[in-house]
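Heads up: the structure comes next, in structure tokens.
Keep in mind that this is a model prediction, so the values were computed, not measured. Every chain is numbered from 1 and lettered A, B, ... according to where its sequence line falls, protein lines coming before strand lines.
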Amino acid sequence: MSTQRRPFPFHEFEPKWQEYWVATGAFRAANPGDADFDGSKPKYYILDMFPYPSGDGLHVGHVEGYTATDILARFHRMQGFNVLHPMGWDAFGLPAEQYAIKTGQHPRETTARNIANFRSQLQAVGFSYDWDREVSTTDPGYFKWTQWIFLQLYNAWFNPATRKAESIATYKGADPDSVRLAYVAEMPVNWCPQLGTVLANEEVVDGKSEVGGFPVERRPLRQWMLRITAFAERLIEGLDGLDWPEGIKLLQRNWIGRSEGAVVVFREEAGGAEIEVFTTRPDTLFGATYMILSPEHPLVEKITTDAQRGDIDAYRVAVASKSDLDRTELNKEKSGVFTGAYAINPVNGERIPIWIADYVLMGYGTGAIMAVPVHDERDFEFAQKFGLPVREVVKPSEAVDGFFSGDGVAVNSGFLDGLSTAEAKRSITAWLEERNIGRGMVNYKLRDWLFSRQRYWGEPFPIVWEGGRHRALSETELPVVQPDMDDFKPTGTPEPPLSKAVDWVRYSERAERETNTMPQWAGSCWYYLRFCDPENGMRFVGEGPDRYWMGRSGQPGGVDLYIGGTEHAVLHLLYARFWHKVLFDLGHLTTPEPFQRLVNQGMILGPDGQKMSKSRGNVITPDAVIEDYGADSLRLYEMFMGPLEQMKPWSMKGVEGVHRFLARVWRLAMEEDQEGEWVVSSALADVPMTPAQARVAHATIKKVTEDMRGLAFNTAISQMMVFTNEFVNASPRPLESLKILLPLLSPFAPHLAEELWQRLGFEGAASSQSWPVHNESLLVDNEVELAVQVNGKVRDRLVVARDASKEAIEEAARSSVKVLEAVGGGAIVKVIVVPGKLVNVVVK
RNA sequence: GCCGGCGUGGCGAAAUGGCAGACGCAAGGGACUUAAAAUCCCUUUUCGCGAAAGCGGAGUGCGGGUUCGAGUCCCGCCGCCGGCACCA
């Protein structure tokens, strides 16, 4: 677009208002205790998932969610809420460090530069963030409290009796280190040689690192772990009270993976060792024809017979060397080896062979299973391959081929015969418990959270090692800041880069610092809390601000609306909920859940319908759109494209469309004079709206207001277009119409609304008007047009008085010539009248 | 394989069980202009009949069903997208 000629001078007034908003602190939210705090106002906390400030800058996909929250933030301010709408930076993590290593610059410098770029990009869109509350996870004033929260975890345990996190002081056992919520364990972990770090399971995709796509191998290492599994049940239960998409709740439930069953104790025949298996189908115990231990199971060593030892050892070595990728690839074919040992089935004394196989995982249940081939697909495949016996113990209601894993009636099962699956489960579990050879048990797929990274650019642990034991630093020693190092490259071994800072590592004569750092998730686990009280030097969040901003009478979640991408559906949201619950249990917070309402915005695709990426060259940046069409057009198009939650492709033609709409709004108020200067339109007059105009105006107020609640911004914008189309050719044009439209438009296109409001000489600012309220009585016409259908097909139209009786409408329909024609010789069976909508004449 | 979500014009999309396609894009025609841009007006789901106003038929991925009436509810398929993937 030519720079000389624009349909309206957005390039002049947009920067003007942006500077004005920053300079006047227009969107500052007052905190409890501030001089200008008004406690009578209801609060509204609306939050975006804060970005990772990459070197590439924002693209239009980021801006979608941010625009939605900004519109709602502005809307709620106009409705009299005290609105908390903050922004910050999730700035620790791998990409910054990789970039730093590549370019030789310190990540602190590149991070600062990226943040400055992101901030100016966001300000150019005109977002109404309270910039006084900006935080970065890399700021020592921030991560001091991330470390403090780690100390809370370290100094707490989960008391199963109270089902709560409590101070470790209440633990009466001999070894507190065995129950802390933050603990050290020797774990087989995902070691990535190229990145020089260990990764969480979630950061490994198809056996490769999510960042960079490098191969990942398993090796045992000493790691910090967080005991999130203790909260599995609470994390499931807590979902019930949240206004989240059901799909996301389900994703979390599946991730936690609760399953109910029983542990059964088998005895090994020769040595008498007890082997516990976990099963969700204890009712099939009579059908167990063999048993499988995980190759890593500690008993394998003991029970393997000399004759089988060679095969077993070879298999175990093969399994151990497999990467995760190999393992999934080999999943198609079952493999395993007989140990030579036998176990005794406690329910019938039967002697069954014990095998090992890699489809049994050490990390789930007890690492051992009883195999019931007819009633489990995996066991069935295994039995087929190795010719192991099968026995049916559940009768399905209809005969099936192969295996059957559904519910039915127990058969060939002694005292269980004839019982339904549910009854049989209860009966056998009680039987096992009586004899002390088993018990009911609940298992979860969720694993504890691997919390350490062998990298430089992350929060150091507030931990020192002394005589081989870990010890927490005191709160007064926080923050623990990374030393300034010229060489922060990975060592190429699992030894973290911080180990190279010898002076820093040496804490005292006898103690050395922990050299691992925390994962990127750490800082984002609690940033929404810091936003409530970002300057607080005494506490991670003050009690007053927490109670006000996070408080909600009767509802569990504190943040009123949280918008972000689905990619964080499980990990970030689960980790944040976990930390929140711990802090809540320990009495530091007032709400049990962080986020009351969650909405996922859909992805914005490139103009080619493909996912935006640098390699495809289809990335659209907000900067380019703002340059050509302005920030208001960008905002409006982001919302006009379609429903927020939906995936949709970008179209510059679409941007032009909303840009034309804004130009029409501009010309509702302005016209060009002889010299080509914009002046207030001569068509404007202080006259009342016609009834038709009033109807459109009030319908627009109603529609926009309702659509705000449903986040249906696309249809709200459509309605404002209808409004504009109604008035654009009106002369005289009632000034009143703009007093209605501009406040409605101001959350969407704040610069334009503000500029016109000012030029028209209206009082105050458009954005500080109170939100318009529609007058229902102006919406209805005295006459309404009804469609008249015969057997569901429209045959005629009828104009009747708004309050016409059903009888009168039916009579009019029956006497319509067109209806009579359509009815022909048929008999009218009945007539359905829907007042204000239609009439349907039913003919046989 | 299992679990979610989505299928509506040339395109993005609207539609408390009540007139399918609002609004926008694109396309075509017209007005204004020396000309263009911008702006404004008209047409635009599709097929048939008609010079036209209009008239008639079909139509929301496919096949059934419930209902006076289904894009919307129910059952069974197909396709696309996302998540999980030996979790006993």
Reported CG-to-NZ distance for the pair Asn254(A) and Lys249(A), which is rounded to 0.5 angstrom: 14.0 Å

Rounded distance (Å) that lies between atom P of C2(B) and atom CD of Glu377(A): 9 Å

Flag for Asp707(A)-Thr715(A): side-chain donor and acceptor within less than 3.5 Å: yes

Sugar-phosphate, base or nothing in reach of Gly657(A), heavy atoms under 4.0 Å: sugar-phosphate

Selected nucleotide, minimal atom distance to Lys818(A) side chain, candidates C86(B), A26(B), C55(B): C55(B)

Sugar-phosphate, base or nothing in reach of Arg797(A), heavy atoms under 4.0 Å: base

Glu656(A) CD - U39(B) P separation (whole Å): 10 Å

Phosphate contact (C84(B) OP1 or OP2) by Arg253(A) side-chain N/O below 4.0 Å: no

His659(A) and its ring pair (Phe, Tyr, Trp, His ring centres under 6.0 Å) partner, picked from Trp666(A), Tyr637(A), Tyr629(A), Phe640(A): Tyr629(A)

Distance-minimising heavy-atom pair for Ala683(A) and Ser731(A): CB-OG, 4.0 Å

Residue mapping more 5' on RNA chain B - nearest nucleotide basis, Val794(A) or Arg667(A): Val794(A)

Sugar-phosphate, base or nothing in reach of Thr280(A), heavy atoms under 4.0 Å: sugar-phosphate

Sugar-phosphate only, base, or nothing, as touched by Thr566(A) at under 4.0 Å among non-hydrogen atoms: nothing

Row check, Tyr364(A) ring normal vs Lys445(A) NZ/CZ: under 6.0 Å, within 45°: no

Glycosidic class, syn or anti, of G63(B) using a 90° window around 0: anti

Length of the line joining Glu567(A):CD and G82(B):P, which is rounded to integer Å: 13 Å

Closest to the Lys334(A) side chain, choosing from G18(B), U39(B), C86(B): C86(B)

Euclidean distance, atom CD of residue Gln610(A) to atom P of C81(B) [Å, nearest integer]: 10 Å

Which atom of Gln252(A) lies closest to which atom of Ala569(A), heavy atoms considered: NE2-O, 2.9 Å

Side chain of Leu250(A) - closest among C84(B), C3(B), C40(B): C3(B)

Touch class at under 4.0 angstrom, heavy-atom based, for Asn729(A) against every strand present: sugar-phosphate

Exercise: identify the closest heavy-atom pair between Arg447(A) and Thr229(A): C-CG2, 3.5 Å

Over 12 non-hydrogen atoms of neighbours within 6.0 angstrom of CD in Glu260(A): no

Euclidean distance, atom CG of residue Asp796(A) to atom P of G56(B) [Å, nearest integer]: 11 Å

For atom OH of Tyr629(A) and atom P of A38(B), their distance in whole Å: 11 Å

Reading 5' to 3' through nucleotides 6-15 of chain B, protein heavy-atom contacts under 4.0 Å coded B for base, S for sugar-phosphate only, - for none: ------BSS-

Residue pair Ser737(A) / Gln693(A), side-chain donor-acceptor N/O under 3.5 Å: no

Given C19(B), C23(B), C40(B), the nucleotide with the shortest approach to the side chain of Val722(A): C23(B)

Candidates A88(B), G18(B), G24(B) - which lies nearest the side chain of Arg664(A): G24(B)

For the student: nearest non-hydrogen atoms of Leu299(A) and Glu274(A), plus distance: CD1-O, 3.5 Å

Separation of atom CG in Leu668(A) from atom C1' in U39(B), rounded to whole Å: 14 Å

Watson-Crick and G-U pairing of RNA chain B, under 3.5 Å, as dot-bracket with | and [ ]: (((((((..(((.....[....))).(((((.......))))).(((((....)))))..(((((..]....))))))))))))....

Sugar-phosphate only, base, or nothing, as touched by Leu251(A) at under 4.0 Å among non-hydrogen atoms: sugar-phosphate

Distance below 4.0 Å between Asn725(A) side-chain N/O and G24(B) OP1 or OP2: yes

Heavy-atom pair with the smallest gap, counting every atom of Leu361(A) and Asp358(A): CD2-O, 4.0 Å

Tyr290(A) ring center within less than 6.0 Å of Phe386(A) ring center: no

Rounded interatomic separation in angstrom, taking CD from Glu276(A) and P from A88(B): 17 Å

Check nucleotides 67-71 of chain B against the protein and report each pair of N or O atoms closer than 3.5 Å, with its distance, or say if there are none.
unit_1, atom_1, unit_2, atom_2, d
C68(B), O2', Asn840(A), ND2, 3.4
C68(B), O2, Asn840(A), ND2, 2.7

Sugar-phosphate only, base, or nothing, as touched by Lys653(A) at under 4.0 Å among non-hydrogen atoms: sugar-phosphate

Under 3.5 Å side-chain donor-acceptor pair for Ser405(A) and Asp376(A): no

Atom pair CD (Glu810(A)) and CZ (Arg814(A)), whose distance is rounded to the nearest 0.5 Å: 4.5 Å

Distance below 4.0 Å between Arg660(A) side-chain N/O and A26(B) OP1 or OP2: yes

Sugar-phosphate only, base, or nothing, as touched by Arg795(A) at under 4.0 Å among non-hydrogen atoms: sugar-phosphate

